[in-house]
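To keep things clear, I will list the structure first and then write my remarks on it.
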Amino acid sequence: SDIRIEKLCLNICVGESGDRLTRASKVMEQLSGQEPCFSKASFTVRSFGIRRIEKISCWCTVRGAKAEELLERGLKVMEYELWRGCFSDEGNYGFGIDEHIDLGIMYDPAIGIYGMDFYVVLRRPG
């Protein structure tokens with residue numbers, strides 16, 4: 001009956017390791033206030049130029065009041081409108097934004113601009 005946000009998962013997939021991924025992790029750290037985890041490629045894709053076990057993205061899971069605040073900022077960028085395809089059968093939903101600076105972070109030429117994905121997991125007690 002009382003549905004709450006269990007967690008908010010943030011993801012920035014850069015598609016390569018090195019300097020761009022390090023800068024993306026700094027953006028994630030600024031946004032969430034916690035150190036991000038890194039995901040590795042599960043297999044080599046030569047056309048994309050990535051190798052197996054190479055770090056290609058960073059993500060973090062945010063809970064509580066911080067998750068609600070970040071979700072509010074993300075939905076504001078989307079103008080509080082989501083497509084029907086954004087929702088799963090269980091009622092969880094996700095969406096992506098093109099520029100992290102829309103969330104209120106100042107633009108830094110040394111870091112650049114990154115897009116990111118938001119995924120919200122809802123839960124009700126019991």
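Reckoned from all heavy atoms, side chains included, excluding hydrogens, waters and symmetry mates.
Thr44 places a side-chain N or O within donor-acceptor distance of the main-chain N or O of Arg52, the cut-off being under 3.5 Å. Not one N or O on the side chain of Asp117 forms a donor-acceptor pair closer than 3.5 Å with the backbone of Gly96. Between the side chain of Arg124 and the backbone N or O of Asp2 there is no donor-acceptor pair closer than 3.5 Å.
To the nearest 0.5 Å, atom CZ of residue Arg73 and atom CG of residue Asp102 are 11.0 Å apart. Atom SG of Cys9 and atom CE of Met116 lie 13.0 Å apart (nearest 0.5 Å). One finds the OH atom of Tyr119 at 12.5 Å from the OG1 atom of Thr61 (value rounded to the nearest 0.5 Å). Taking CG from Leu21 and CD1 from Ile56, the interatomic distance works out to 9.0 Å, rounded to the nearest 0.5 Å. Arg63 contributes atom CZ, which lies 9.5 Å from atom CD of Gln34 (distance to the nearest 0.5 angstrom). Rounding to the nearest 0.5 Å places CD of Gln30 at 6.5 Å from NE2 of His100.
In the hydrophobic clustering of this structure, Leu70 does not group with Trp59; members are Ile, Leu, Val, Met, Phe, Trp, Tyr whose side-chain heavy atoms approach within less than 4.5 Å, directly or through other members. Residues Leu82 and Leu10 are members of one and the same hydrophobic cluster, defined by side-chain heavy-atom contacts under 4.5 angstrom among Ile, Leu, Val, Met, Phe, Trp and Tyr. Val62 and Ile12 fall within a single hydrophobic cluster, where Ile, Leu, Val, Met, Phe, Trp and Tyr side chains are chained together by heavy-atom contacts under 4.5 Å. By the rule that hydrophobic residues join a cluster once side-chain heavy atoms approach within less than 4.5 Å of another member, Met28 and Ile101 end up as members of separate clusters. By the criterion of side-chain heavy atoms lying less than 4.5 angstrom apart, applied directly or through intervening Ile, Leu, Val, Met, Phe, Trp or Tyr residues, Ile50 is not grouped with Val14; the two fall into different hydrophobic clusters.
Within a 6.0 Å radius of CZ in Phe48, other residues, nucleotides and ligands contribute 12 heavy atoms or fewer. By the neighbour-count criterion of 12 heavy atoms within 6.0 Å, atom CZ of Arg51 is sparsely surrounded, having that number or fewer from other residues, nucleotides or ligands. By the neighbour-count criterion of 12 heavy atoms within 6.0 Å, atom CZ of Phe43 is sparsely surrounded, having that number or fewer from other residues, nucleotides or ligands.
Closest approach of Cys58 to Pro36, counting heavy atoms only: CB-CB, 4.2 Å. The two residues Val121 and Asn92 make their nearest non-hydrogen contact at CA-OD1, 3.6 Å. Between Asp98 and Ile113, the shortest heavy-atom contact is O-CG2, 4.3 Å. Among all heavy-atom pairs drawn from Ser17 and Glu54, the shortest one is OG-OE2, 2.9 Å.
Using a 4.5 Å heavy-atom threshold, the side chains of Arg4 and Pro125 count as touching. The shortest distance between side-chain heavy atoms of Ser88 and Tyr93 does not fall below 4.5 Å.
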task: Start with the C-alpha distance between Leu122 and Val120, add both sets of side-chain angles, then the distance that settles side chain to side chain contact (heavy atoms under 4.5 Å, CB included), and finish with yes or no.
output: CA-CA 6 Å; Leu122 301 172; Val120 182; 3.9 Å; yes

Side chain to side chain contact (heavy atoms under 4.5 Å, CB included) between Lys40 and Lys55, worked out: CA-CA 4 Å; Lys40 298 176 181 177; Lys55 291 180 180 178; 4.1 Å; yes

message: Could you walk me through whether Tyr114 and Glu99 satisfy the side chain to side chain contact (heavy atoms under 4.5 Å, CB included) test, starting with their C-alpha distance in whole Å, then the side-chain angles of each, then the deciding distance to 0.1 Å, before giving a yes or no?
response: CA-CA 5 Å; Tyr114 291 94; Glu99 298 180 350; over 6 Å; no

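A salt bridge does not link Glu72 with Lys76: every distance from a Lys NZ or Arg NE/NH1/NH2 to an Asp or Glu carboxylate oxygen is 4.0 Å or more. For Glu29 and Lys26, the salt-bridge test fails: no basic side-chain N is under 4.0 Å from an acidic carboxylate O.
Note on ring orientation: taking the six-membered ring where Trp is involved, the planes of Phe118 and Phe95 are parallel (angle under 30°, cut-offs 30° and 60°).
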